[in-house]
S.K.: 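Pasting a structure here, questions to come.
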Amino acid sequence: MTAPGAAASFACRRCTFALDRRTHLLGVLNVTPDSFSDGGAFLDPGAAAEHALRMAADGADCIDIGGESTRPGASPVSAEEEWARIGPVLKRLGRCPVPISVDTTKAAVAGRALDAGVAIVNDVSALRFDPALAGVVAEAGAGLVLMHMRGTPRTMQEHPSYGDVVAEVRAFLAERLQVAVAAGIPPEAILLDPGIGFGKAVEHNLTLLRRLPELGTLGRPLLVGPSRKSFIGAVLGTAVTERLEGTAAALALAIAGGATLVRVHDVKAMGRVARMCDAILGREAPHVGVVRGAAERVPAH
Ligand code: HH2
């Protein structure tokens, strides 16, 4: 089995990801009071920076910091408020060993984050909310994530309906890619994301994951973020704190379907899932690890 081929390279600012070699992980750092799974956990800048460094040590290839929740029904926050949450953390992450992306839709926030050394702008609105954002990204030579969402976080879960969800997400991403390139952002600095959980019913999320290879033909790497989301809770009947296995399954199938980057909260566990997938897909020579503890004394198969 080989994963369907999408574009393998991603390069921006000081950051290059060799995506043909292995799946890359974005570790989620939410510095918000109201994110759906970890709101309020990292409001203290010191704790947030510590968590980011822990995720880097656990194998995150990039830290994705966000100061505004995009959960269904969330109200927007001002650029000032968003920056007041993010800025102090970025200051502490001056010596972060991996690149940082900023999860924002606002040019003012992205600009300040890029000045502070961030490499990538993760825009869940795909350049729809702030007309100035494309110019800020292009000017800085930054990377850009274009994600599919229906409407806005406040309205997106009000009866989402599609004729063919995959065809519609694909057409949206193709059009936003053209917009970004026309604004001066080089294609090799762009990642595409189907936006799991953004204006989609459970079946839409499952269908997108099942038919992910159809999005790989857009010629840019695919980033997928199913981590802890409510479609997993709907399938398994589990609360947000009990979605690790569901996340692992979604991630494994996304990787098999061509995702070369995944956005995750549980970096250590999902890094193992990704490594195992990569080994099966023959992406990277498997690292033969040493089994520690009681298990090594018992032959296993
Ligand atoms: N999901 C969330 C936020 N940002 N960005 C991309 N590119 N893809 C995603 O799937 C994605 C995203 C939602 O997760 P989280 O940040 O944990 O929650 P909240 O928006 O409540 O802060």
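All values below were derived from every heavy atom in this structure, side-chain atoms included, with hydrogens, water molecules and symmetry-related copies excluded. Numbering of ligands and ligand atoms starts at 1, following listing order.
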S.K.: Return the residue, atom name and 0.1 Å-rounded distance of the protein heavy atom closest to atom 18 (O) of ligand 1.
M.R.: Phe36 CD2, 3.1 Å
S.K.: Could you tell me which non-hydrogen atom of Ala52 sits nearest to which non-hydrogen atom of Leu29, and how far apart they are?
M.R.: CB-CD2, 3.9 Å
S.K.: More than 12 non-hydrogen atoms from neighbouring residues, nucleotides or ligands closer than 6.0 Å to CD on Glu203, yes or no?
M.R.: yes
S.K.: Any heavy atom of Lys229 sitting closer than 4.0 Å to ligand 1?
M.R.: yes
S.K.: Heavy-atom contacts with Val145 under 4.0 Å: which atoms of ligand 1 show up? List them by number with element.
M.R.: 7 (N)
S.K.: Answer whether the closest heavy-atom distance between the side chains of Arg176 and Arg128 falls below 4.5 Å.
M.R.: yes
S.K.: Identify, by atom number and element, the atoms of ligand 1 in contact range of Asn30, meaning under 4.0 Å from any of its heavy atoms.
M.R.: 15 (P), 16 (O), 17 (O), 18 (O), 22 (O)
S.K.: Of all the non-hydrogen atoms in the protein, which one sits nearest to atom 6 (C) of ligand 1, and at what distance?
M.R.: Asp193 OD2, 3.2 Å
S.K.: Looking only at distances, please establish whether an N/O atom of ligand 1 is found under 3.5 Å from an N/O atom of Thr70.
M.R.: yes
S.K.: Looking only at protein heavy atoms, identify the closest one to atom 4 (N) of ligand 1 and say how far it is in Å.
M.R.: Asp103 OD2, 2.8 Å
S.K.: Could you list the atoms of ligand 1 found under 4.0 angstrom from a heavy atom of Arg71?
M.R.: 20 (O), 21 (O)
S.K.: Could you report the tightest heavy-atom contact between Asp34 and Arg71, atom names first, then the distance?
M.R.: OD2-NH1, 3.0 Å
S.K.: Only heavy atoms of His265, strictly under 4.0 Å: list the atoms of ligand 1 that pass.
M.R.: 17 (O)
S.K.: Output the list of atoms in ligand 1 that are nearer than 4.0 Å to some heavy atom of Leu223, sorted by atom number.
M.R.: 7 (N)
S.K.: Around atom CD of Glu242, are there more than 12 heavy atoms of other residues, nucleotides or ligands at under 6.0 Å?
M.R.: no
S.K.: Can you pull out the closest protein heavy atom to atom 16 (O) of ligand 1? Residue, atom name and distance to 0.1 Å, please.
M.R.: Arg263 NH2, 2.8 Å
S.K.: Mark up the atoms of ligand 1 that fall under 4.0 Å of a heavy atom belonging to Val124, in ascending order.
M.R.: 4 (N), 5 (N), 12 (C)
S.K.: Is it true that the NZ or CZ of Arg150 lies under 6.0 Å from the centre of Tyr162's six-membered ring and within 45 degrees of the ring axis?
M.R.: yes
S.K.: For Thr105 and Asp130, which I'm curious about, is there any donor-acceptor pair between the side chains at under 3.5 Å?
M.R.: no
S.K.: Of the protein's non-hydrogen atoms, which lies at the shortest distance from atom 22 (O) of ligand 1, and what is that distance?
M.R.: Ser35 OG, 2.4 Å
S.K.: Which pair of non-hydrogen atoms, one from Arg263 and one from Ser227, has the smallest distance, and what is that distance?
M.R.: O-CB, 3.6 Å
S.K.: More than 12 heavy atoms of other residues, nucleotides or ligands under 6.0 Å from CD of Glu175: is that the case?
M.R.: yes
S.K.: Looking only at N/O atoms, are Ser69 and ligand 1 under 3.5 Å apart anywhere?
M.R.: yes
S.K.: Can you see which heavy atom on Pro221 is nearest to which on Thr260, and at what distance?
M.R.: CB-OG1, 3.7 Å
S.K.: Looking only at protein heavy atoms, identify the closest one to atom 5 (N) of ligand 1 and say how far it is in Å.
M.R.: Asn122 ND2, 3.0 Å
